[in-house]
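Owing to the predicted nature of the structure, the values given are computational and were not obtained by experimental measurement. We name chains A, B, ... by the order of the sequence lines, and we start the count at 1 in each one.
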2 protein chains.
Amino acid sequence: MKCSIPKGTRDFLPAEMARRNYIFDTIREVFKAFAFEPIETPSLENLSTLMGKYGEEGDKLLFKVLNSGNFMEDVDFTQDYHKVAPRICDRGLRYDLTVPFARFVVQHRDQITFPFRRYQLQPVWRADRPQKGRYREFYQCDADMIGSTSLLNELELVQMIDAVFQKLGIEVTVKINNRKVLAGIADLIGAPDKLVDITVAIDKLDKIGIDNVRAELSERGLNQEQITALNPVFELSGSANDKLQQLEVLFNGNAVGTKGVEELKELFGYIDLVQPACHVELDLTLARGLNYYTGAIFEVKAHNVSIGSICGGGRYDNLTGIFGMPDVSGVGISFGADRIYDVLTELDKFPPDLGQSAQVLFINFGAESMPYCIKCAARLRSLGISTLVYPDNAKMKKQMDFANRSRVPYVVFVGENEIAAQNLTVKDMATGTQNTFTLDELADRLKH
Amino acid sequence: MKCSIPKGTRDFLPAEMARRNYIFDTIREVFKAFAFEPIETPSLENLSTLMGKYGEEGDKLLFKVLNSGNFMEDVDFTQDYHKVAPRICDRGLRYDLTVPFARFVVQHRDQITFPFRRYQLQPVWRADRPQKGRYREFYQCDADMIGSTSLLNELELVQMIDAVFQKLGIEVTVKINNRKVLAGIADLIGAPDKLVDITVAIDKLDKIGIDNVRAELSERGLNQEQITALNPVFELSGSANDKLQQLEVLFNGNAVGTKGVEELKELFGYIDLVQPACHVELDLTLARGLNYYTGAIFEVKAHNVSIGSICGGGRYDNLTGIFGMPDVSGVGISFGADRIYDVLTELDKFPPDLGQSAQVLFINFGAESMPYCIKCAARLRSLGISTLVYPDNAKMKKQMDFANRSRVPYVVFVGENEIAAQNLTVKDMATGTQNTFTLDELADRLKH
């Protein structure tokens, strides 16, 4: 029988686990310092919770779980897949962490103290075509604050991004924009109904260039005059404050655009105050795909690596509205652990000592010495020192090969002499030197 | 729109997460001390990997994931569900961690150093009828050692069980038996082909009592003579060693039974050596349902709580054989996190201070004092101290209510005076006392 796993999924071996946990632990540590609290939601959600929340394309990418029992008799299978699937599947796998969080907030509103900050590190599933860096099962690391409209929340998200990537040793640029500014621009060029088309097209600027964006805007129904009216937006220059001043003039009297500029001014004022280590810039061409954003939007790019954004997020004024709880504003970010993994690999920035498991291995010389070894190992383990006793009385070469392949730093030999003297002969595998220690001396050495 | 989650699944709020993480962290700490290494496998496995591994009942309880695309044309939907399901589903959700581990070992045999010890903490899914304490999505915490037949491995599993429950403060009994002894007994009564029937029936002794076990054995085709011949097994008494001596006599010359007794003697000899804190007993009526066990079997019961076993496992000589890699012996245990949660709750043994998030809250007195608060908070967070700045300039009562409901131990007030003096007024919420500290003094106090 051939062994394989489904396309787009992965096994993680111990070395990969150590690297992944290093990323998760770093992110979690920062989330905790900012007083976010952990929650988890089920992998399976009712399809009614998920459908219609990610656009038509998203609905197609939902993994649907077959109902149990004999329910098929009443289903007309001559119809299209997308008509049949919802009849035979009531549940689907979580597609992201945001919609389940919105559902969670509404369902548990009475158990939550607002403003509420939660973090959530869980896998999500998408029936996307697998390709390099894109998987069907992958982790998201989300932090959201809900129940406060203060821009201090946005500031803290920038601080958290800064802290995470500083700890990981990745140089990044945080790009910031505001959906209200994009709405103002749509107003400005006389196409307020084209806001979504404009954001979708502008979102591709990095990938396809200005000329293709203009072509797409034209395809999406903007006339030449409107497209030309967009030019000042692409041509703004200078610092964030310079750009915001030019925009303010452009928006002259436009309410939503002016509000967006005010919000950005306040946020950049806060950011100046904390002086993050990372580069932060205003990018008026940043749009972000998801339509539930209504205020600030963020995206993070790593320097010196050509890879998409490694973190993103924004403000949404009405996410819980779809579940019957209106007027709860939230803002959040999501770290892409898989891409961060790729960036750290490419930049060779993982700490070198990750994933060391056993700190010491007791060589097995047979039944005579085992009682002494077992007792010593038990003592070391009770002190939290990762300890192995080679389980079989195998040839010395085999046991030392195992020690080398497992990169165990210390190997212990116990024979008659050691048992009589109640000590241990310890080989430092890095230097090759051998010394005699008491158990307590060895424990002291291994504890720090 | 009504908010709900699928039957048998759960949301976990921060307080529950803290308690669950306490259990996971304790188990993980012990796994690491015994030098087990973490791996993860995908939630989705090919159905061909899962089907036929858990018996007919298990196949029915597998969650199957609908294929994408228009594949339905070729399927005869007039057939039974269990015939149709495999035609429209190629993948299913992980049912346990053992079969995926076997698949993992075979698939990655060249990347693994044997003997290999892995631990795995991941959710599994079963389309079981939900009831109290039984969920459709729940976590398993497994540790297995593979590639060694030494009974030192079995000893270490007992030591790990002992360490975990000592740390958690739960008094337990570890029940041990050996499948070879059960095979010997089947031989002894002249029913070697009835081993599975005998184990299934004996397994229910605790639940249904000796008379019903006898009735079931009869139903399963054992004659009265054979059932009577089982009596000595139920009637063995004394310590583990006493029982083993009586068994040895009974088995007189039976190879598999005698081997089982030898293994148990060696294991109990090791256990005597380490003197675990928990109670360990030989239970010849312990059978455990899963048929892949071939040697030692374990089950753990908590004292003073009426709940099923909270940990179990055993030796399997040929688990990877189903994936084409024969003769690899393994032994492992699985901790049931959900049941352990229930036991800790019922015995009131959770540490009282779990899940404290923010250690300090800065009250928001408006724009004037915010720059100072933001800078102080940034410094505390960089030291790993979980810090909140109330995001909105809300009424004092509302902010203090929030502090109380969030159980924040320290609240900081910053006004003109504090900014001028570059210090902080800090209220200890437990005592109600207020003091003036510099930022460094506060940091020291919170870091202790």
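Interface remark: of the candidates Ile112(B), Thr41(B), Thr387(B), Thr9(B), Thr387(B) forms the most heavy-atom pairs closer than 4.5 Å to chain A.
Of the atoms belonging to Val274(B), it is side-chain heavy atoms, and not backbone ones, that fall under 4.5 Å from chain A. When heavy atoms are compared at a cutoff of 4.5 Å, Phe36(A) approaches chain B solely by way of its backbone atoms N, CA, C and O. If you measure heavy-atom distances from Asn393(B) to chain A, you find no contacts under 4.5 Å at all. Heavy atoms closer than 4.5 Å to chain B are found in the side chain of Leu152(A), but not in its backbone. With a 4.5 angstrom heavy-atom cutoff, Leu155(A) touches chain B only via side-chain atoms. Interface residue Leu93(A): only side-chain heavy atoms are found under 4.5 Å from chain B. Contact annotation for Ala163(A): neither backbone nor side-chain heavy atoms come within less than 4.5 Å of a heavy atom of chain B. For Ile385(A), the part lying under 4.5 angstrom from a heavy atom of chain B is the backbone only. Heavy atoms closer than 4.5 Å to chain B are found in the backbone of Lys32(A), but not in its side chain.
Pairs passing the salt bridge (charged side-chain N to carboxylate O under 4.0 Å, His left out) check and including a residue from residues 108-121 of chain B, sequence neighbours excluded, read Arg117(B)-Glu156(B), Arg118(B)-Asp144(B). For residues 36-47 of chain A, the salt bridge (charged side-chain N to carboxylate O under 4.0 Å, His left out) pairs, not counting sequence neighbours, are Glu45(A)-Arg103(A).
Two rings, from Tyr390(B) and Phe362(B), have their centers 6.0 Å or more apart.
Closest non-hydrogen pair, Leu47(A) versus Cys89(A), comes out as CD1-O, 3.3 Å.
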